[in-house]
Structures are given as structure tokens and as C-alpha cells.
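First the structure, in the form of C-alpha cells, and then the observations on it.
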Amino acid sequence: MSLSVAVLMGSKSDWDGVMEHCAATLRDLDIPHEVRVLSAHRTPDALEEYLADAEARGAQVFVAAAGGAAHLAGVVASKTLRPVLGIPMGTALGGLDSLLSTVQMPAGIPVGTLAIGRAGAVNAALLAAAILARTDEALEGRLRAFREAQAAKILAEPDPSV
Ligand code: RP5
């Protein structure tokens, strides 16, 4: 199966408790994906090489997670015409620095920015799934089943006050 989603993070420190949930959600939906640690400022040349290679291998959506002065998603978006989903990482400043760095792209190079941290990581995977599902009926079925299971789980919750 060829690659569908390329997941990038600026540091291995973005993985535990956050980006692992993006990968787990892609795995649960059976979406071919791979994860790489690549940084816009620490490994700029390797990042550029990877993006060209990932596109050539079929990547349809790029997910980019970074924290602080988080320009990874914007740099990725500057190098591809495919959708780029940005995830701001939590930081000592609560992730507001990452959020603004990721979401406030000047007009011309869009980054679809998700929530800070784990919620954004999960939702980036689900939004990637929704994009891919436009041309993949089987995936649309898996996404629908995910929603139904999620709703059923909530509706089965017992009264928390008892
Ligand atoms: C960003 O700097 C990474 O995405 C990470 O969120 C942050 C801190 O990285 P480390 O110093 O933990 O490697 O580039």
C-alpha cells in the first residue's frame, strides 16, 4: 500500500502523549502513513529532501507538529500543493506561541491548523481521513464507524453522580 499521510514533528519530544495519538488514530482507520522527526530549523535540507520523496511516494496529506516558534507546518506548506495540517505543541507558554506561529500564516500559503496538543493530534488524523475519504469509499465507511462508536461510547456512560 502506498503512503497516504506523512506525519512530521519537529522533535522526538513531540511524540509521547501527543503525536503518538495522531499515529494511533491513523492506524485505527487503516490509513497508510509514516512518521518522521524533521525540523524546519534544525534539519532544513533533510526536510526538503523528505518532502519531495514523500510526494513521489504518494503522500496526499502532510501533518506537521511543532512547538515554540513553530514554523514547520508553514515551511512544509511552502514546498507542497497538498493539504498541510498543523498541530501546535504545548510549551512553557501553554502552546499559545506554537498556536500563533502555526495558525497566523500570511495569505498565500495555507496551513489548516488544529487545536494545541493531543486534541489537535487526533483531529489532524481525522481531518486527513475526511480529506482522503472524498475519493475512498471504504475509508469513508471506517470514518463513519469511528463516529458511531464514539457516540455509542458516550451514550453508554453511566450517571456520573451515582
Ligand atoms: C520544536 O521545538 C519541536 O517541535 C518541539 O516542540 C520544540 C522543542 O524541541 P526539543 O528542544 O524538545 O527537541 O522544534
Side-chain angles (χ1 to χ4, degrees), residues 1-134 136 139 142-143 146 150:
M1 227 185 306
S2 77
L3 175 65
S4 291
V5 179
V7 179
L8 305 178
M9 64 196 75
S11 169
K12 173 74 166 62
S13 68
D14 299 323
W15 176 255
D16 287 343
V18 185
M19 289 310 292
E20 61 178 317
H21 296 289
C22 180
T25 304
L26 291 167
R27 191 171 58 240
D28 290 348
L29 289 167
D30 204 16
I31 295 173
H33 65 281
E34 65 186 25
V35 182
R36 294 285 184 278
V37 176
L38 286 166
S39 164
H41 48 268
R42 289 170 174 158
T43 64
D45 296 338
L47 173 63
E48 192 169 345
E49 278 169 35
Y50 173 77
L51 294 174
D53 180 58
E55 274 206 2
R57 288 184 294 115
Q60 296 300 307
V61 180
F62 290 91
V63 171
H71 34 233
L72 180 61
V75 170
V76 172
S78 77
K79 296 286 182 187
T80 182
L81 293 175
R82 298 179 190 178
V84 176
L85 307 180
I87 307 166
M89 292 296 101
T91 64
L93 299 181
L96 191 57
D97 43 353
S98 322
L99 173 64
L100 295 177
S101 304
T102 305
V103 78
Q104 284 294 87
M105 285 297 291
I109 302 292
V111 169
T113 304
L114 286 304
I116 297 168
R118 184 180 183 277
V122 171
N123 281 344
L126 294 172
L127 188 51
I131 293 167
L132 295 167
R134 296 298 77 226
D136 183 340
L139 175 56
R142 297 197 293 279
L143 196 50
F146 170 90
Q150 181 172 248

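Atom set for the values below is all heavy atoms of this structure, side chains included, hydrogens, waters and symmetry mates excluded. The residues of the chain are indexed from 1 along the displayed sequence. Each ligand, and each atom within it, is numbered from 1 in the order the structure gives.
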Could you pull out every donor-acceptor pair under 3.5 Å between side chains of residues 105-133 and any protein atom, sequence neighbours left out?
from, atom 1, to, atom 2, distance (Å)
Thr113, OG1, Thr102, O, 3.4
Thr113, OG1, Val111, O, 3.4
Arg118, NE, His21, NE2, 3.3

- request: List, ordered by chain and residue number, the protein residues whose closest non-hydrogen atom lies under 4.0 Å from any atom of ligand 1.
  value: Gly10, Ser11, Ser13, Asp14, His41, Arg42, Ala66, Gly67, Met89

query: Taking His33 as the fixed residue, which of Thr25, Val61, Val5 is the one that meets the side chain to side chain contact (heavy atoms under 4.5 Å, CB included) rule?
result: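 Only one option passes, and that is Val5.
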
- prompt: Any salt bridge (charged side-chain N to carboxylate O under 4.0 Å, His left out) pairs touching residues 53-76, not counting sequence neighbours?
  reply: Glu34-Arg57, Asp53-Arg57

Using a 3.5 Å cut-off and no angle test, enumerate the donor-acceptor pairs between side-chain atoms of residues 63-71 and protein atoms at least two apart in sequence or in another chain.
from, atom 1, to, atom 2, distance (Å)
His71, ND1, Ala69, O, 3.4
His71, NE2, His41, ND1, 2.8

query: Which atom names give the shortest non-hydrogen contact between Pro88 and Gly86, and what distance separates them?
result: CD-O, 3.9 Å

task: Measure the spacing between CG of Leu47 and CG of Leu72 and express it to the nearest 0.5 Å.
output: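 The CG atom of Leu47 sits 6.0 Å away from the CG atom of Leu72.
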
